[in-house]
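The next block holds one structure in the form of structure tokens; read it before the comments.
As the structure is a prediction and not an experimental result, all values here were calculated from the model.
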Amino acid sequence: MTPVLDRIRAQGGNVVRRGFSFSLRQGRLTPEAIAWVKANIEAVKAEVWPAYHDWQERAAIMEHDGGLSREDAERAACECLEAQHAHAA
């Protein structure tokens, strides 16, 4: 069940994830609905990508403990989670 995404999609919109990047396809969303999505973006991202919070944590550890730049840490964390998912499947 994805209550937020269901509401967005009911208005012809969608949230798309590519790697660790997200984009909003607005469809017929009103300006108020778009503002709500932006204000609740963390919950939206977690609904689109259930591993979102794991990715954030892993990237933070790689940045802090591993000395990587934030951008490199985010990329490495995404690759690591995708590899784990592929291995589990």
Side-chain angles (χ1 to χ4, degrees):
M1 180 184 217
T2 59
V4 174
L5 287 177
D6 290 345
R7 292 181 69 185
I8 292 169
R9 290 174 180 149
Q11 297 299 313
N14 200 7
V15 179
V16 178
R17 177 181 79 90
R18 286 193 180 98
F20 55 90
S21 178
F22 297 81
S23 61
L24 173 65
R25 294 188 181 149
Q26 297 178 3
R28 299 179 309 278
L29 293 174
T30 65
E32 294 81 15
I34 293 169
W36 185 90
V37 169
K38 289 179 180 179
N40 294 280
I41 195 65
E42 293 300 308
V44 172
K45 289 178 178 180
E47 198 170 300
V48 171
W49 187 23
Y52 177 69
H53 293 298
D54 292 337
W55 166 76
Q56 279 188 314
E57 182 178 4
R58 190 171 298 230
I61 291 168
M62 290 176 158
E63 178 183 19
H64 183 266
D65 293 350
L68 297 176
S69 70
R70 184 64 187 181
E71 184 177 322
D72 289 343
E74 288 175 344
R75 185 175 356 277
C78 185
E79 290 169 358
C80 186
L81 286 172
E82 288 176 349
Q84 273 185 334
H85 179 74
H87 181 69

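Closest heavy-atom contact between Cys78 and Trp55: N-CD1, 3.5 Å. Taking both residues in full, the closest heavy atoms of Ala46 and Tyr52 are given as CA-CB, 3.9 Å, listed atom of the first, atom of the second, then distance. Between Ala10 and Arg28, the closest heavy-atom pair is O-NH2, 3.3 Å. Nearest heavy atom pair, residue Ala59 against residue Ala73, reads O-CB, 3.3 Å.
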Checking Val15 against Ile8 for the side chain to side chain contact (heavy atoms under 4.5 Å, CB included) test, could you report, in this order, the C-alpha distance in whole Å, the side-chain angles of both residues, the deciding distance, and whether it holds?
CA-CA 8 Å; Val15 179; Ile8 292 169; 3.9 Å; yes

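With values rounded to the nearest 0.5 angstrom, Glu47 atom CD is found 11.0 Å from Asn40 atom CG.
Not a single side-chain hydrogen bond (donor to acceptor under 3.5 Å, both in side chains) links Asp54 to another residue, sequence neighbours left out. Legend: residues meeting side-chain hydrogen bond (donor to acceptor under 3.5 Å, both in side chains) with Asn14, ordered by chain and number and at least two apart, are Arg9.
There is a path of hydrophobic side-chain contacts, each under 4.5 Å, that joins Ile41 to Ile34. No continuous path of ILVMFWY side-chain contacts below 4.5 Å connects Leu81 to Met62, so the two sit in separate hydrophobic clusters.
Using a 4.5 Å heavy-atom cutoff, the side chains of Val44 and Leu24 are not in contact.
A distance-only check finds a donor-acceptor pair linking the side chain of Arg17 to the backbone of Gly19 [under 3.5 Å].
Under the side-chain contact (heavy atoms from CB on, under 4.5 Å) test applied with Phe20, the options Arg75, Lys45, Glu82, Gln56 reduce to a single match, Arg75.
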